Amino acid sequence: MTPYTERVVEIIKAIPRGRVMTYGQVAELAGSRRGARQVAWILHSLSEACGLPWHRVVSSKGCVAVKDEEARYTQILLLQNEGVEVDEQGRMDLHKTQYFPSPETEKRG
DNA sequence: AAATTGACGGGTG
DNA sequence: CCACCCGCCAATT
């Protein structure tokens, strides 16, 4: 587990229920503005993802990005259970659901 | 060190 | 709105 990965994990863990963040947003807060794909790679790689609200991370287009149909539906259901309006294609309104953490919040952890 | 992987982002037609 | 392409960067092999 590298420091960068730990940053990403901490940021994702700080996403409140019923809200989402984009990969790019997480990457930027973790210190890499163009590191959206790295965040995706980390989420894919992390088997310890159990315990992480990984389902609260979506693409910038406002849709679920997971490829595996099973995991994809799981993410959609988890979000719906938190009150997020997601359609069958995994699309939602980022204007309603996107979470913008306070600078102090991410600093303290 | 080079190639590969990956759940991205933004622009274009 | 949708399909497609290219650039981006870290971890893994």
Side-chain angles (χ1 to χ4, degrees):
Chain A
M1 184 85 93
T2 69
Y4 179 77
T5 299
E6 292 190 10
R7 290 257 177 262
V8 171
V9 168
E10 290 304 310
I11 291 169
I12 293 176
K13 272 162 52 176
I15 306 176
R17 178 185 163 88
R19 297 288 175 82
V20 301
M21 285 180 72
T22 69
Y23 295 88
Q25 202 181 353
V26 173
E28 184 168 357
L29 288 175
S32 180
R33 191 171 84 79
R34 298 290 180 211
R37 304 198 64 166
Q38 298 80 300
V39 175
W41 182 92
I42 289 168
L43 262 353
H44 174 85
S45 177
L46 279 183
S47 51
E48 337 176 17
C50 304
L52 270 190
W54 58 272
H55 57 281
R56 299 186 187 140
V57 185
V58 300
S59 84
S60 183
K61 315 261 183 189
C63 63
V64 170
V66 178
K67 296 297 179 62
D68 304 86
E69 292 183 47
E70 208 169 295
R72 185 186 180 84
Y73 271 105
T74 299
Q75 178 170 11
I76 293 173
L77 289 176
L78 285 171
L79 287 173
Q80 289 175 340
N81 285 343
E82 297 187 353
V84 180
E85 297 178 29
V86 188
D87 65 18
E88 295 183 26
Q89 305 170 50
R91 298 186 302 197
M92 72 204 74
D93 186 357
L94 279 185
H95 299 292
K96 294 181 182 176
T97 62
Q98 188 168 9
Y99 171 61
F100 298 95
S102 152
E104 297 302 323
T105 301
E106 46 148 332
K107 190 175 181 182
R108 286 189 287 100

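Note that the coordinates shown come from a computational prediction; the quantities given were computed from them, not determined experimentally. Each chain gets a letter, A, B and so on, in the order its sequence line appears, and its residues count up from 1.
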Quick one: pull up [atom1] in [X] and [atom2] in [Y] and give me the separation to the nearest 0.5 Å.
| X | Y | atom1 | atom2 | result |
| --- | --- | --- | --- | --- |
| A:Ile12 | A:Arg7 | CD1 | CZ | 13.5 Å |
| A:Thr74 | A:Trp54 | OG1 | CH2 | 5.5 Å |
| A:Glu28 | A:Met21 | CD | CE | 9.5 Å |
| A:Ile42 | A:Met1 | CD1 | CE | 9.0 Å |
| A:Arg37 | A:Ser32 | CZ | OG | 12.5 Å |

Encode nucleotides 5-13 of chain B as B, S and - characters from 5' to 3', where the letter depends on protein heavy atoms closer than 4.0 Å: B to the base, S only to sugar-phosphate, - to neither.
-> BBBBSBB--
Distance-only donor-acceptor check, side chains A:Gln98 and A:Gln25, under 3.5 Å | yes
Describe the nucleic acid contact of A:Arg91 in one word from base, sugar-phosphate, nothing, applying a heavy-atom distance below 4.0 Å.
->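 If one applies the 4.0 Å heavy-atom cut-off, A:Arg91 turns out to touch the sugar-phosphate alone, with no base involved.
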Over 12 foreign heavy atoms within 6.0 Å of CD, A:Glu85 = no
Could you point out which residue of A:Val8, A:Leu29, A:Ile11 forms a side chain to side chain contact (heavy atoms under 4.5 Å, CB included) with A:Val39?
->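 So, applying the side chain to side chain contact (heavy atoms under 4.5 Å, CB included) to A:Val39 and each of A:Val8, A:Leu29, A:Ile11, only A:Val8 qualifies.
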Chain A on DNA chain C: first and last contacting nucleotide, 5' to 3', under 4.0 Å to a heavy atom?
-> C:dC2 to C:dT12
